[in-house]
S.K.: 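The structure is given below, and queries will be raised subsequently.
To find a chain, count down the sequence lines: A is the first, B the second, and so on, and within it residues start at 1.
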Amino acid sequence: MEQQTIVNPLREGMRLPRTPQANILIILGATGDLTKRKLIPALFSLYRQNLLPSHFRIIAFARRERTDQEFRNDMLEALHTYAGVEDSSEIAERFLQLLFYHKGDFNELEPHKELAVKLSGIEKENGLPANHLFYLATPPSTYEAIIQHLGAAGLSRNDQGWTRIIIEKPFGRDLSSARQLATVVSKVFQEDQVFRIDHYLGKETVQNLLVFRFANTIFEPVWNRRYVDHVQITVSESIGMEGRGKFYQETGILRDILQNHLLQLLCLVAMEPPSTIEANAVRDEKVKVLHAIQPLSAEELNSCVVRGQYSRGSLWGESLPGFLEEEGIPPNSTTETYIAMRLYLNNWRWAGVPFYVRTGKRLPKRVTEIAIYFKSPPLQIFGGAQQEVSSNMLALNIQPDEGIALKFDSKVPGPSGHIRPVTMDFRYGTSFGEKAPDAYERLLLDAMIGDSTLFTRADETEMAWRLVTPILDAWQEMGQVSLPQYPVGTWGPIEADHLLARNGHIWRRL
Amino acid sequence: MSDSTNTFIQGYEVALPAIEKELVKFWKNVAGEEDAAVTRATTMNFIYLGSEESEMDKAATMVADIIQHHPARILLININLTSKQEKITAHVNAYCQPPQHGGKQICCEQITLQTGQPGIAHLSGAILPLLLPDLPVFLFCPQPDILARKEFSALLQLVNRTILESTPHCGDFASAVEKAKLLLKLHNSARLSDTAWGGLTMWREALAQFFDNLPTQAATTLSRVTISASGEGLLFSSVLLLFWLASRLQWKFTARQEKNQILFVNGEGRQIVGEFGEDRKAEDEGISKIVLEFGKANEGQLVCYREKDRMVIQWNLGGETAIINTFDNIHISREKLVCDELDFLGEDIIFIETLKAIASTIQD
């Protein structure tokens, strides 16, 4: 696997995070939303922390007509808006000098050849190794053309350094298209050059999940079917289409969130301990989880999967339109904005334990959380009819307030003998006084270093599509149906509550 | 380091044995009449051991900054070496930081112990019961000489990490060697770090980045290292930096020469001259420039220099100069240096090896 190893003796014992080798980052589709909202602010943050390597450059490759300075001005605006940078920030000005613009059409080979010449020129001028990191921040429909052109222009590998490519999700629309994309990629790049980004994996709490599970001994003995009653994984968004209705109509939340983020979280919760923290060891265990997920039969597709659409409602005092009223959404759309599923894993650790996953738009708040509910004690010796003893629950909050909470019952001080649940909280922000870094900071740095632990492997992606594609196919067969509705600002359609009620469970109030 | 936005809650004097009980009452008072819950957080025990009056004001600033990042039980120990007071007096108070990032308000307790010269013998016995169990213990001492006293050996056994603040200037090279030996002696009792070492991080990073891209063969042509610093007398940090480079690149010390020159030999038998220079133009204290010369005739030069709050790394070759990288915000406050040390519980092996390399240059 391609990874930077310590050969520089001066690096030993350095407490700063690993610094990548000198490299050039080429962002394809750099005039899009992702670059200004996420990538440039993350890179700027890394720059401020002195984590970018010497001779670092960013080449913005896009179709629009822009000079270097015009693009820098655009990105300065982005830093004002998305990174809180003040006007006349000297550091921002210096950072922006790292940015250069390369105009070109992704569908044509010539701009890629010109890019190769440009990169070679920069490297020769500065005596640098030819380390290139390509970031595909373009619509997925352009991936195949770009990858082929990178190969044809000689940019996919070289003897003078390393070449890596970061691909944003979605990796395909279904199993067939994902396989096709994988084939195209593998003809041009080797797997260890490919970094499929799922930005959830860059979040501190997601990383801490591995530490929490595998650096402590006390939780592992109860992390199984003997003690766990069920698991709930929620990715909830309060926003609606935000002007992306047309994109969403073609995608839906199953493809947008469940196929990647949700299943990744499920893997991290359910996986076996890896033998090392090395990337492939971790990813091997995640793939085993995906293999273990019981495929849904045709009957189960109806009973174990709930989809819905948000309807007009009110959130934070504001009246908001329903999905079918949004711009770019046809009135007879069957695209889902909510999905909930019950899954089972066929392995010794989890057999019989339901995993409930849900995600939706225009829910009451933005929350991503994993809640592990433990079984009740075999004998309730406290209380009686008046006493409600709740089960223990461990909540891993991924966002917005990253942290871990353990809920257990405690006696209320006094002679009454009442019991009530209390939580023991660990919050990143208050315990370490630091706002967690943006996920993209960590992921960009890891890609430059060559550490793929937090990126998705080809087989993970394929397995995830194998699970969800039958659902997509079944929906397509069903054709035009009216989806269950839920008003804006509520927690989803009532059918999702029924999904859990059948097992005597209820959704956690978030 | 951010400005402190904490609220300091004035405390009161308490009897030593009653401290824990009084703290319980104290928190109830802080919570107020309505029994509102106060969230206390503690991730460690932090001991600040000072012996000068002026230290206590600085201690307050440091503590206020530290608890924003590391909620702790703070023990401020003030020893007045000129006083004959044997009794140890104690005060309890607290810092509360406003809610941050959507979280809750967090409060940390502080216990201040004061005594005179005769009271030193009783200090360990007073401190040990106040340490919260299970949590790591960090000790910061701006005057390392105090810690060498035998009265503190029991305490040092319990400390997970001792952070010292060596005086910047050490006069001459022989004094720097003596200092290194003292630190190594203290290291026998506790894991050690020093803010002089922590302050070198960005210089080390600058050199490490350059060597990341340097072909191995080129590295062996390094012939001279010049470290310039402001102020009169030799800077301990300069010595640490040179010997860090020497120990990492496996140079062997051969001789000490006049005019602050140290001679080494590398693995290929090539001589390397290490030199300490004085930079009279530097505005701020500390190291201002490092120059690495490569080749017999100084064919190439790596220059790292400080320009206000920025470090510039440039490469000069054949008369041409290119800026390789710049680091911003390189000035690290005293508080931040200490705070950064609190992230680590392990042994800083590289620091210890550097001290050993310095100490071995002059045999006892």
S.K.: Between Glu90(A) and Asp328(B), is any pair of side-chain heavy atoms under 4.5 Å apart?
M.R.: no
S.K.: Measure the CG-CG distance between Leu10(A) and Leu249(B) for me, rounded to the nearest 0.5 Å.
M.R.: 5.0 Å
S.K.: With only heavy atoms counted, which part of Ile349(B) is less than 4.5 Å from chain A, the side chain, the backbone, both or neither?
M.R.: neither
S.K.: Just wondering, are more than 12 heavy atoms of other shown residues or ligands nearer than 6.0 Å to CZ in Arg508(A)?
M.R.: yes
S.K.: At what distance, to the nearest 0.5 angstrom, does CZ of Arg11(A) lie from CD1 of Ile350(B)?
M.R.: 13.0 Å
S.K.: Indicate yes or no: at least one non-hydrogen side-chain atom of Glu205(B) is less than 4.5 angstrom from one of Asn50(A).
M.R.: no
S.K.: By a 4.5 Å heavy-atom criterion (distance strictly below it), what part of Tyr47(A) contacts chain B: side chain, backbone, both, or neither?
M.R.: side chain
S.K.: If you count heavy atoms of other groups shown closer than 6.0 angstrom to CD of Gln160(A), is the number above 12?
M.R.: no
S.K.: With only heavy atoms counted, which part of Pro53(A) is less than 4.5 Å from chain B, the side chain, the backbone, both or neither?
M.R.: backbone
S.K.: Where on Glu341(B) is there a heavy atom nearer than 4.5 Å to chain A: the side chain, the backbone, both, or neither?
M.R.: both
S.K.: Counting only heavy atoms closer than 4.5 Å, note whether Leu98(A) contacts chain B via side chain, backbone, both or neither.
M.R.: neither
S.K.: So which part of Met311(B) gets closer than 4.5 Å to some heavy atom of chain A, the side chain, the backbone, both or neither?
M.R.: neither
S.K.: Between Glu353(B), Met202(B), Arg204(B), who has the most heavy-atom pairs with chain A when the cutoff is under 4.5 Å?
M.R.: Arg204(B)
S.K.: Flag yes if more than 12 heavy atoms outside Lys356(B) fall under 6.0 Å of its NZ atom; otherwise flag no.
M.R.: no
S.K.: Enter the distance from Arg310(B):CZ to Arg94(A):CZ here, rounded to the nearest 0.5 Å.
M.R.: 4.0 Å
S.K.: Output the distance between atom CE (Met14(A)) and atom CZ (Arg248(B)), rounded to the nearest 0.5 Å.
M.R.: 11.5 Å
S.K.: Select one option (side chain, backbone, both, neither) describing which atoms of Trp315(B) are under 4.5 Å from chain A's heavy atoms.
M.R.: neither
S.K.: Below 4.5 Å from any heavy atom of chain A, which atoms of Ser247(B) appear? Answer side chain, backbone, both or neither.
M.R.: neither
S.K.: Among residues at least two apart in sequence or on other chains, which ones pass ring pair (Phe, Tyr, Trp, His ring centres under 6.0 Å) with Phe264(B)?
M.R.: Phe243(B), Trp251(B)
S.K.: Mind checking ring pair (Phe, Tyr, Trp, His ring centres under 6.0 Å) for Phe351(B) and listing every partner two or more places apart, or none if nothing turns up?
M.R.: Trp197(B)
